[in-house]
Amino acid sequence: MLYFGTPVVLVTTRNTDGSANITPMSSAWALGSSVVLGLSDNGQAVPNLERERECVLNLPSAPLWEDVERLAPLTGRDPVPAAKADRYRHVRDKFAAAGLTPQPAETVRAPRIAECPLQLEAEVVSIEPGKEGGFQIVETLVRRVHAAEDITIPGTQHIDTGRWHPLLYVFRHYFGIGERLGRTFKAET
Ligand SMILES: Cc1cc2nc3c(=O)[nH]c(=O)nc-3n(C[C@H](O)[C@H](O)[C@H](O)COP(=O)(O)O)c2cc1C
């Protein structure tokens, strides 16, 4: 596998019965207001996104890694697909399983995760199968951004990069980030 190091995203989606699911994932990238996700066909996120066409992309900070890892062996899929049956178990209430708190979103029906300092409410604009098979490429458009006050620069719409500590997933190990090395010529802060 080629998990060279990307932020962890906790994708919240709505199940058919109105309950919420949390899918930990890290194959995500952002450009403009778009965020593109790579999600396995074996999980609960893809059917939920196909049906509901919306989600919240919750970004945990580094200290939340153990909460994320509590979610790691779980699936919202029932029954558990054969390919996952030996290592995963079905759990309906992943908020309770991880000790996380649901918080209503403003533009979508899936809840936000209160403990995540950055929460992106998004609509699904396309879902295309990955050419290799086994996963979908989900393109989302972010409609609302919530950033905790303690990671923003007061009076601005900017994130204080000195105080935002994303959780990174690097070849199946969790990391925080190190010291700032510098800034690009286009940085506004
Ligand atoms: C840190 C982390 C990163 C992961 N990244 C991805 C990913 O990018 N895409 C994916 O489909 N699964 C990823 N997984 C695996 C899913 O979380 C796993 O299949 C889980 O059962 C999905 O839950 P669900 O079936 O309720 O959606 C990741 C798991 C962890 C713990």
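By convention here, the first residue in the shown sequence is residue 1. Read the numbers this way: they start at 1 and go in the same order the structure lists the ligands and their atoms.
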*Geometric N/O contact N42 with ligand 1, under 3.5 angstrom*: no
_Contacting atoms of ligand 1, where contact means under 4.0 angstrom from a heavy atom of K94_ = 23 (O), 24 (P), 26 (O)
_Close side-chain approach of L59 and P7, heavy atoms under 4.5 Å_ = yes
*Give the contacting part of E69 toward ligand 1: side chain, backbone, both or neither, where contact means a heavy-atom distance below 4.0 Å.*
neither
*In terms of atom number and element, which parts of ligand 1 are under 4.0 angstrom from non-hydrogen atoms of S40?*
10 (C), 11 (O)
_Closest to atom 9 (N) of ligand 1 among A83, S27, G38, A28 (heavy-atom distance)_ = G38
*Considering only protein heavy atoms, which is closest to atom 4 (C) of ligand 1, and at what distance to one decimal place?*
M25 CA, 3.4 Å
*Look at atom CZ of F4 and say whether more than 12 heavy atoms of other residues, nucleotides or ligands are closer to it than 6.0 Å.*
no
*Can you find a side-chain donor-acceptor pair between N48 and N15 that sits under 3.5 Å?*
yes
*What do we get for Y88 next to ligand 1 when only non-hydrogen atoms under 4.0 Å count, side chain, backbone, both or neither?*
side chain
*So, is L74 polar-close to ligand 1, with some N/O to N/O distance under 3.5 Å?*
yes
_Quiz question: by atom type and distance under 3.5 Å, do the side chains of Q119 and Q103 form a donor-acceptor pair?_
yes
*Tell me, yes or no, whether the heavy-atom count around R163 atom CZ, taken from other residues, nucleotides or ligands under 6.0 Å, exceeds 12.*
yes
*Which of the atoms in ligand 1, numbered in the order shown and given with their element, are less than 4.0 Å from a heavy-atom of T75?*
21 (O), 24 (P), 25 (O), 26 (O)
*4.5 Å side-chain heavy-atom contact, V170 and Y3*: no
*At a 4.0 Å threshold, what atoms of ligand 1 neighbour a non-hydrogen atom of A45?*
27 (O)
*Would you say E106 has more than 12 foreign heavy atoms packed within less than 6.0 Å of its CD?*
yes
*asked:* What I want to know is whether G76 and ligand 1 share at least one N or O pair that is separated by under 3.5 angstrom.
replied: yes
*If you measure every N/O of K84 against every N/O of ligand 1, is any gap under 3.5 Å?*
yes
*Any side-chain donor near an acceptor of the partner, T101 and E115, under 3.5 Å*: yes
*If you count the atoms of ligand 1 from 1 in the order shown, which ones are under 4.0 Å from a heavy atom of A72?*
31 (C)
*asked:* Using the rule given for side chain to side chain donor-acceptor pair (under 3.5 Å), can you reason through H90 versus R77, listing the C-alpha separation, both sets of side-chain angles and the distance that settles it, and then say yes or no?
replied: CA-CA 6 Å; H90 167 71; R77 195 85 164 240; over 6 Å; no
*To the nearest 0.5 Å, what is the distance between CG (L39) and CD (Q136)?*
9.0 Å
*Of all the atoms in ligand 1, which lie at a distance below 4.0 Å from a heavy atom belonging to T23?*
22 (C), 24 (P), 27 (O)
*Are the side chains of F95 and T12 in touch, meaning some heavy atoms are under 4.5 Å apart?*
yes
*Mark up the atoms of ligand 1 that fall under 4.0 Å of a heavy atom belonging to N21, in ascending order.*
24 (P), 26 (O), 27 (O)
*Does P24, backbone or side chain, put an N or O under 3.5 Å from an N or O of ligand 1?*
yes
*Under 4.0 Å from a heavy atom of Y174: give me the atoms of ligand 1 that qualify, with their elements.*
1 (C), 31 (C)
*Would you say R77 has any N or O atom under 3.5 Å from an N or O of ligand 1, going by distance alone?*
no
